[in-house]
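Notes to accompany the following structure.
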Amino acid sequence: MTRTVFITGAGRGVGRSTAEAFAEAGANLLLLDICRDVEGCPYPMATRVDLDETADRCRARGARVLAVAADVRSASEVDDAVARCHDDLGRVDVLVNNAGIVGPGGVAAHELDEHAWSVMIDIDLTGPWRCARAVLPDLVAKRSGAIVNVASTAGLVAFPHFANYVAAKHGLIGLTRALALDYAPYGIRVNAVAPTSIRDEPELASGMLRGVAGMLGVGADDYEVLSLPHHPLGSLVNAADVSGTIMWLASDAAAHITGAVIPVDAGFSIR
C-alpha cells in the first residue's frame with residue numbers, strides 16, 4: 001500500500017532530501033514550507049520556487065505530490081493543508097516535523113527580546129505539536145503510523161548564545177517522548193533525530209550553516225573548521241545522513257522503536 005507522507009520545511013535542505021528519498025520509495029507526499037522570510041531570522045527562508053523544485057523532483061520519481069505554502073505557526077494553515085491532503089492523496093501515514101529555524105540568536109540569553117524567544121518556540125516546538133495534532137486523528141483511526149521530529153544536538157546538550165534554540169529543541173525531545181507514550185496503545189511510533197551542523201549543499205538549496213556562521217560573526221568555511229575538533233569522527237554531516245535516518249525510523253525496520261532520539265552528529269554529543 002502506498003503511504004502518504006507529510007513533510008514540513010520541505011523546500012530545501014533536509015526537507016528536500018527527505019522528500020526525494022520518500023518519493024524514491026514510492027510514497028505520496030504532502031510538502032509544506034513557509035515560502036516567505038520570518039521576521040527576525042537573519043537568513044532567508046525557502047521560497048515558493050524552492051518548494052516547487054522539491055515537488056517537481058519528487059514527481060519525476062513517480063510520486064503524487066501536494067505542495068502547500070503554509071506557516072507552522074498557524075493552526076488553521078496546517079489544518080487546511082491536511083484537509084487538502086485528505087482530498088488529494090488520502091489520510092496521512094507518516095509525519096516528518098522538519099520545519100525549524102536556528103536564529104534569531106548568537107547572543108547571551110538576557111540580550112534576547114520577547115520576539116526572538118517567542119518566534120523560536122512557536123516554530124521549533126509548538127509548530128511540531130500543531131502538525132502532530134492535525135494528523136494524529138488519521139493515525140489513531142488506522143491504529144498505525146509514525147512521526148519523526150527533527151530535533152538537534154541542541155536538544156541533547158547546551159551551547160552558548162542560543163538559549164532559545166536550546167530550549168526549543170530540548171522541548172521537542174520532551175514532546176517526542178510524551179507523544180510516544182500517549183500513542184503507543186494505537187500502534188503509533190514517535191521518534192526524533194538529533195543532527196549536528198549540516199553542510200550546505202547547492203543541490204538542496206540549503207543555507208542554514210551560513211546563517212548560523214553569520215550570527216556568530218564568522219564565515220561558513222571558518223565555522224566548519226572551528227567545529228570539527230568537537231566531532232570525534234572529524235566531520236560535519238550531510239542532509240542525506242539525516243534523511244536516511246528519518247527513512248529508517250519511519251520504516252518497518254524500526255517497528256519496535258518509539259520514544260528514541262537518534263543522534264546524527266559524528267559523535268558530537270558523546271564528548
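Quantities reported herein were computed from a predicted structural model and do not represent experimental measurements. Residue indices begin at 1 and follow the sequence shown.
Residues passing the side chain to side chain donor-acceptor pair (under 3.5 Å) test with Asp50, sequence neighbours excluded: Thr47. Residues passing the side chain to side chain donor-acceptor pair (under 3.5 Å) test with Arg57, sequence neighbours excluded: Glu53, Glu203.
By the 6.0 Å contact criterion, CZ on Arg177 is open, its count of non-hydrogen atoms from other residues, nucleotides or ligands being 12 or less.
To the nearest 0.5 Å, the span separating CD1 on Ile34 from OG on Ser74 amounts to 10.0 Å.
Considering Asp71, Asp79, Asp122, Asp124 in turn, Asp122 is the only one that fulfils the salt bridge (Lys or Arg N to Asp or Glu O under 4.0 Å) rule with Arg130.
Contact check for Glu224 versus Ser197: no side-chain heavy atoms found under the 4.5 Å cut-off.
Ion pair Arg48/Asp33 not flagged as a salt bridge, since none of the NZ, NE, NH1 or NH2 atoms sits closer than 4.0 Å to an Asp/Glu carboxylate oxygen. A salt bridge does not link Asp87 with Arg84: every distance from a Lys NZ or Arg NE/NH1/NH2 to an Asp or Glu carboxylate oxygen is 4.0 Å or more.
Using cut-offs of 30° and 60° for the angle between ring planes, the Phe159 and Phe268 rings count as perpendicular.
Between Ser235 and Arg199, the side chains place a donor N or O and an acceptor N or O closer than 3.5 Å (distance only, hydrogens not considered). Remark: the Arg12 side chain and the Ser206 side chain contain no N/O donor-acceptor pair separated by less than 3.5 Å.
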Output side-chain donor-acceptor pairs under 3.5 Å for residues 88-96, partner residues at least two apart or in another chain, one line each.
| from | atom 1 | to | atom 2 | distance (Å) |
| --- | --- | --- | --- | --- |
| Arg91 | NH1 | Asp138 | OD1 | 2.6 |
| Asp93 | OD1 | Lys142 | NZ | 2.3 |
| Asp93 | OD2 | Thr4 | N | 2.7 |

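Side chain of Lys169 to backbone of Val150: a donor-acceptor contact under 3.5 angstrom is found.
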